[in-house]
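Just so you know, ligand 1 is whichever comes first in the structure, and atom 1 is the first atom listed for that ligand. Quick note: residue numbers are just sequence positions, from 1. These values consider heavy atoms only, across backbone and side chains, with no hydrogens, waters or symmetry-generated copies.
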Amino acid sequence: MSIKEQITDILVDAIEKLGFEKEGLSVTFSNRPELCDYQSNFAMILAKKVGQKPIELAEKIVEQTKNDQNFEFFAVLPGFINIKIKDSTLSQFCKDTFLDKNLGVKQVEKPRLVFFDYGGANVAKELHVGHLRSPIVGEALKRLHLVLGDKTLADVHLGDYGLQMGLTLLQLKEDGFLDKFFEKTEKNADFSNISLENVTLDVLNDEYPKASKRKEEDTEFKQQADLFTLYIQQKKEPYFTIYKKIRQLSVSEIQKNYALLNCGFDFYLGESDAESYIDQTVKIFVDKHLARESEGALVVDVAREGEHVPIPKKSEDEPQRYKNPMPPAIIKKYNGGDLYATTDIATILMRNKDYMPDEIVYVTDNRQGQHFEQVFRCCKMAGLSPENQKLTHIAFGTMNGQDGKPFKTRSGGVVRLKEVVGLLIDKASEKLSANGIVGDSELARKIGVAAMKFGDLSNTVEKDYVFDIDKFLSFDGKTGPYIQYTIARINSILTKANFEKNVQKCGKNCSFLIQTKEERNIALAILKLISAYQVCYDAYSLNALCTAVFDLASAFSTFYNNQKILSEPNEEKRHQLLCLCLLVKACLEKALWTLGIDSVEKM
Ligand code: ARG
């Protein structure tokens, strides 16, 4: 039972003994840590109900708890109940945490299968800073679910079926890169042996932006690109073979980028993988009279009653539908092509056929809110997603530059993802050299990525934030590198003491004796860190974990500065101190792992 549950049980007992209802009882961490560790305002709530003075009620409740072995309860004006955890209880808590295979992190009662859809890079378009948040947030949310005992699956869901493919192909064709493919005119020609030899990643990175700009000015070009997109979707040759080759080239680059960021996916699927489910998906909407034709396209009215205007029914068995403010979802284009909504709906059908997850979580920027609302409504209306399946869109804010506007290069251009990561790694390298560590590029990567991820995840997900490289990379302060540094410091202590570095291996040999203020603060910080996991799980945001892991690292620094560890003369006490160091290290490492950040041995 957790400390909070124990305290709650004691209070419930006391309240019931006094003949009151426990309704409204809550116990929270104290907001005056200098006075107590936990607090409850229950007596104030009860006072209103029973018409007695809060302080008198608080005193009566506290009276009942007088002989408790583990906690001390105090009544304070105007009617708070303050709770202090006894040192012996904290010592036992440290030991229990140390010996628990989940390091005290409470597991969900009913593990679920949660499917994560994040990353979402678009094939043929180069990754830029705008693509950083989805893998950072998505990977951390997935790991958080794993840590709490859920099962997870993760799909990168590449954008590989849309207009950008047609645009790129058309531009490549016009620039003469595809002549060999289009020279072959005979029926059933084989294109698989023709290589895209001159089409490198650099070429792709030039061609797509060129085409994208052109489509804005040149309607004929846009229509042609629409047609090329349709050909790809219809698997027409040579379009389809060229498309597959471009995809392959691009995906290997995307994989490298995500690996650099510690993102691991179970599936490298894309929009196009739902292709074989599209016809049945569309048929379901038509058969259930959920789709209607509009200007040559096929649309699904997803607006709900009360939201807007009813659309007159054409026949009796048609369900009543409504217009606006939620516009209809378009599932077939005027030319028969498929859209973003179509592939997303078909992908849900596919995922449910294969896995039927309890929840699907999508992590994208907040401009896609309407898209997902439409997709979710479509799936629920058509019964493609069962009622008890949760569909969640986590919409994150923008990563801004120091000027508060979306992060750009000096000249106002888009910053490539590789450039930002490269810059972080270079700066981390410089800092390491200053500390006498030269030429360890993998260490520099771990620190650079930690800086970026921690800087991102310490904000609530929906908020915009300012990307401040120097601040994020500081080895001191609320940063990823500071946590890594604390771990490295502990490693060095353990090495010097020739002490075990692995909690599991140390196991039953552990012993804890919490006595000083510094030791208490560490134990309390661990307690808070453990409870932050649940807070983050409920909020789909990692900021509380970042705060709690930072507080633990700070508590450790104070302890380290004020208390002798290696030079402690008493053998038993020294062992206890080293166990505490090892416990802190394990807790910090677990939190970093959850955030998708590597721990380091030294730095
Ligand atoms: N490719 C999309 C984009 O760049 C993100 C994909 C998100 N996932 C999804 N199932 N729609 O915006």
[X] heavy atoms, cut-off 4.0 Å: which ligand 1 atoms fall inside?
X: Thr364; answer: 7 (C)
X: Phe372; answer: 9 (C), 11 (N)
X: Gln368; answer: 3 (C), 12 (O)

* For this output row, return yes or no: ring centroids of Phe267 and Tyr355 closer than 6.0 angstrom. =>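 Ring centroids of Phe267 and Tyr355 are less than 6.0 Å from each other.
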
* To do: Kindly state whether the ring of Phe472 and the ring of Tyr482 have centres lying under 6.0 angstrom apart.
  =>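 No; Tyr482 has its ring centre 6.0 Å or more from that of Phe472.
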
* Asked: Is the NZ atom of Lys333 crowded by more than 12 outside heavy atoms at less than 6.0 Å?
  ->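 Counting other residues, nucleotides and ligands, NZ of Lys333 exceeds 12 neighbours.
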
* Starting from atom 8 (N) of ligand 1, locate the nearest protein heavy atom and write down its residue, its atom name and how far away it is, to 0.1 Å. =>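 Heavy-atom neighbour on the protein nearest atom 8 (N) of ligand 1: Asp117 OD1, 2.9 Å.
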
* Leu169 vs Leu178 side-chain heavy atoms within contact, under 4.5 Å ->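 Side-chain contact under 4.5 Å: yes.
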
* **Option of least heavy-atom distance to atom 6 (C) of ligand 1 (set: Tyr362, Tyr340, Tyr118)** =>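 Among Tyr362, Tyr340, Tyr118, the closest heavy atom to atom 6 (C) of ligand 1 comes from Tyr340.
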
Quick one: does [X] get an N or O within less than 3.5 Å of an N or O on ligand 1?
X: Glu271; result: no
X: Asn122; result: yes
X: Gly120; result: yes

* Thr547 side chain to Lys478 side chain, donor-acceptor N/O pair below 3.5 angstrom ->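 Indeed, the side chains of Thr547 and Lys478 share at least one donor-acceptor pair under 3.5 Å.
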
* Asked: Taking 4.0 angstrom as the limit, do Glu197 and Lys180 come out as a salt bridge?
  ->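 Lys180 and Glu197: salt-bridged.
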
